[in-house]
Trainee: 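First, the structure itself, so that you have it in front of you.
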Protein chains: 2
Amino acid sequence: MFFVLDLTDRPALRVAVVECEEPATARLPTGSAHQTEPLDDAARRIARDEAGIVEQYLEQLYTFSHCTEEQWYVVVSSIALASHVMAVSSDHPRAQWRDVREVVLGNAIECQVLDYALVRLRAKLGYTTIAFHLMPESFTLSELQRAYEAILDQSLDKRNFRRRMIASGILEPTAAVRRAGSHRPAALYRFRAADDRSVYLTPG
Amino acid sequence: MFFVLDLTDRPALRVAVVECEEPATARLPTGSAHQTEPLDDAARRIARDEAGIVEQYLEQLYTFSHCTEEQWYVVVSSIALASHVMAVSSDHPRAQWRDVREVVLGNAIECQVLDYALVRLRAKLGYTTIAFHLMPESFTLSELQRAYEAILDQSLDKRNFRRRMIASGILEPTAAVRRAGSHRPAALYRFRAADDRSVYLTPG
DNA sequence: TCAAAAGTGTTAAAGCTACACCCATGG
DNA sequence: CCATGGGTGTAGCTTTAACACTTTTGA
């Protein structure tokens, strides 16, 4: 089991779901690992085939066991993160993007996975650089702030946010600016990938 | 896969290992889940049978996949925590307790599991109440501080430590004191279990 | 010239770190 | 009476939270 988060310009945290016909509920995209395939390769492959995202950030979430009449499964859940532009640039055969605040999942384990993923993602915003994996190559500080606000579902103080980001030293100023409407252009920044601290509290 | 941490009076963080005969290395206790058995039931059962600990704190750690010639495995690792007194009170048929700073594991994945478990346990000391699962029913503040110091492998300031613990509100004073030698008796505290925040960042 | 988003400092409160002495007891 | 571990307060520093106005641009 596995699912995906994404961030658009009118910012909302979106999750890739497969719509079910009858009850108006959704399921998370899933797939099976092949024999001999490492689990994270499987997760990457499923992310690509089900949701059309490539080169994304991937993090294992939790492992459940689950029993039906016929069989006993081990279900390994992961988070994948991608920026909007990367996700929509490729085909995504089955999955559709839904605002995470509106999606209704039909299955109890999947609800748990989604809730837990949000808890973890929100927590990691505070002490890692994980948010950058939701951003495009370059971005303005306002865009970054809107990303944080969409994930946390709360608004942040502009001055404090900018001060913290600059102070953290993970932003690299770009020469370029973005002109977007009849107002002052915004400075563009890049993520200093060498300083990535997303993987704190992950083995390897 | 699965392993155990424990805290003795001459405080050291100890881990249950199975000694190997020939190369002087150790392995973590392991076992297989039965078909239809939930994963955390399996972990609890293995903790009991291999290391002799019961009623312990259990937390899932990470899931690996692993390939031998014959077969492809999914390996789910967990942490179990127990206080010294609980662990030694029952029989522990196979496993032996080794200081975590001295143990040498023969297997690469197991080294990863141990390292990651330490990272996670140390991190969780800071923002959860997880340490209490390593303590006996009642304990003095000095004992609790020695537990923290053994886990973090660094010494802490006595006054600051006591202030933080008291301020956090998770300690309940006991009427009793502990007399232990020719010095002032120490106040005994109990863990206010209703305020347990160990499970932050765990689903369920 | 107006609307719209970018950008910029200060102050007060809380929390953290470092640090040294007196207290109660048993032998 | 002495050795041992238990118990206590403060001052400086850092971090965080709250708060409003000026700048630059395109239409």
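First the proteins, then the strands, lettered A, B, ... as listed; each starts at 1. Because only heavy atoms are used, hydrogens play no part in the values below, and waters and symmetry mates are left out as well, while side chains stay in.
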Trainee: Hey, what do you get for CD1 (Ile130(B)) to OG (Ser198(B)), rounding to the nearest 0.5 Å?
Mentor: 5.5 Å
Trainee: Would you kindly give the CD-to-P distance between Gln154(A) and dA18(D), to the nearest whole Å?
Mentor: 10 Å
Trainee: Between atom CZ in Arg159(B) and atom C1' in dA18(C), what is the gap in whole Å?
Mentor: 8 Å
Trainee: Whole angstrom is fine here: how far is it from CG in Leu144(B) over to C1' in dG7(D)?
Mentor: 15 Å
Trainee: Look up atom CZ in Arg98(B) and atom CZ in Arg14(B), then write down how far apart they are to the nearest 0.5 Å.
Mentor: 8.5 Å
Trainee: Could you check how far CG of Leu141(B) sits from C1' of dG5(D), rounded to whole Å?
Mentor: 13 Å
Trainee: Do Tyr189(A) and Ile170(A) touch side chain to side chain, with heavy atoms closer than 4.5 Å?
Mentor: no
Trainee: On DNA chain C, does the nearest nucleotide to Ala180(A) precede the nearest nucleotide to Asp157(A) from the 5' side, or the other way round? Give the residue.
Mentor: Ala180(A)
Trainee: Is there any protein nitrogen or oxygen under 3.5 Å from a nitrogen or oxygen in nucleotides 22-25 of chain C, and what are the pairs?
Mentor:
unit_1: dC23(C); atom_1: O4'; unit_2: Arg184(B); atom_2: NH1; d: 3.4
unit_1: dA24(C); atom_1: N3; unit_2: Arg184(B); atom_2: N; d: 3.1
unit_1: dT25(C); atom_1: O3'; unit_2: Arg179(B); atom_2: NH1; d: 3.4
unit_1: dT25(C); atom_1: O2; unit_2: Ser182(B); atom_2: O; d: 2.8
unit_1: dT25(C); atom_1: O2; unit_2: His183(B); atom_2: N; d: 3.1

Trainee: Under a 4.5 Å cut-off applied to non-hydrogen side-chain atoms, are Gln145(A) and Pro11(A) in contact?
Mentor: no
Trainee: How many Å lie between CD on Gln145(B) and P on dG5(D), as a whole number?
Mentor: 14 Å
Trainee: Closest nucleotide of DNA chain D for Ala186(B) versus for Lys158(A): which of these residues is on the 5' side?
Mentor: Ala186(B)
Trainee: Is it the case that the base of dC16(C) and the side chain of Arg164(B) share a donor-acceptor contact (distance under 3.5 Å, atom types as modelled)?
Mentor: no
Trainee: Please state how far atom CD in Glu143(B) lies from atom C1' in dG7(D), giving the value in whole angstrom units.
Mentor: 15 Å
Trainee: Between dG6(D), dT8(C), dG7(D), which nucleotide gets closest to the side-chain atoms of Ser142(B)?
Mentor: dG6(D)
Trainee: Quick one: are Ile109(A) and His66(A) in side-chain contact, heavy atoms under 4.5 Å?
Mentor: yes
Trainee: Closest nucleotide of DNA chain D for Asn160(B) versus for Thr140(B): which of these residues is on the 5' side?
Mentor: Thr140(B)
Trainee: Separation of Met165(A) atom CE from dT16(D) atom P, in whole Å?
Mentor: 12 Å
Trainee: Would you check if the distance from the ring center of Tyr148(A) to the ring center of Phe161(A) is below 6.0 Å?
Mentor: yes
Trainee: Got a sec? Which of residues 167-178 of chain A come in under 4.0 Å of DNA chain D, heavy atoms?
Mentor: none
Trainee: Figure out the CZ/C1' separation between Arg162(B) and dG5(D), and round it to whole Å.
Mentor: 10 Å
Trainee: May I ask you to test the Leu118(B)-Leu13(B) pair for a side-chain heavy-atom distance under 4.5 Å?
Mentor: yes
Trainee: Ring-plane angle category for Tyr62(B) and Tyr116(B), please: parallel below 30°, perpendicular beyond 60°, tilted otherwise.
Mentor: perpendicular
Trainee: CZ of Arg27(A): more than 12 outside heavy atoms within 6.0 angstrom?
Mentor: no
Trainee: By nearest atom, which of the nucleotides dG6(D), dA17(D), dG9(D) is closest to the Arg163(A) side chain?
Mentor: dA17(D)
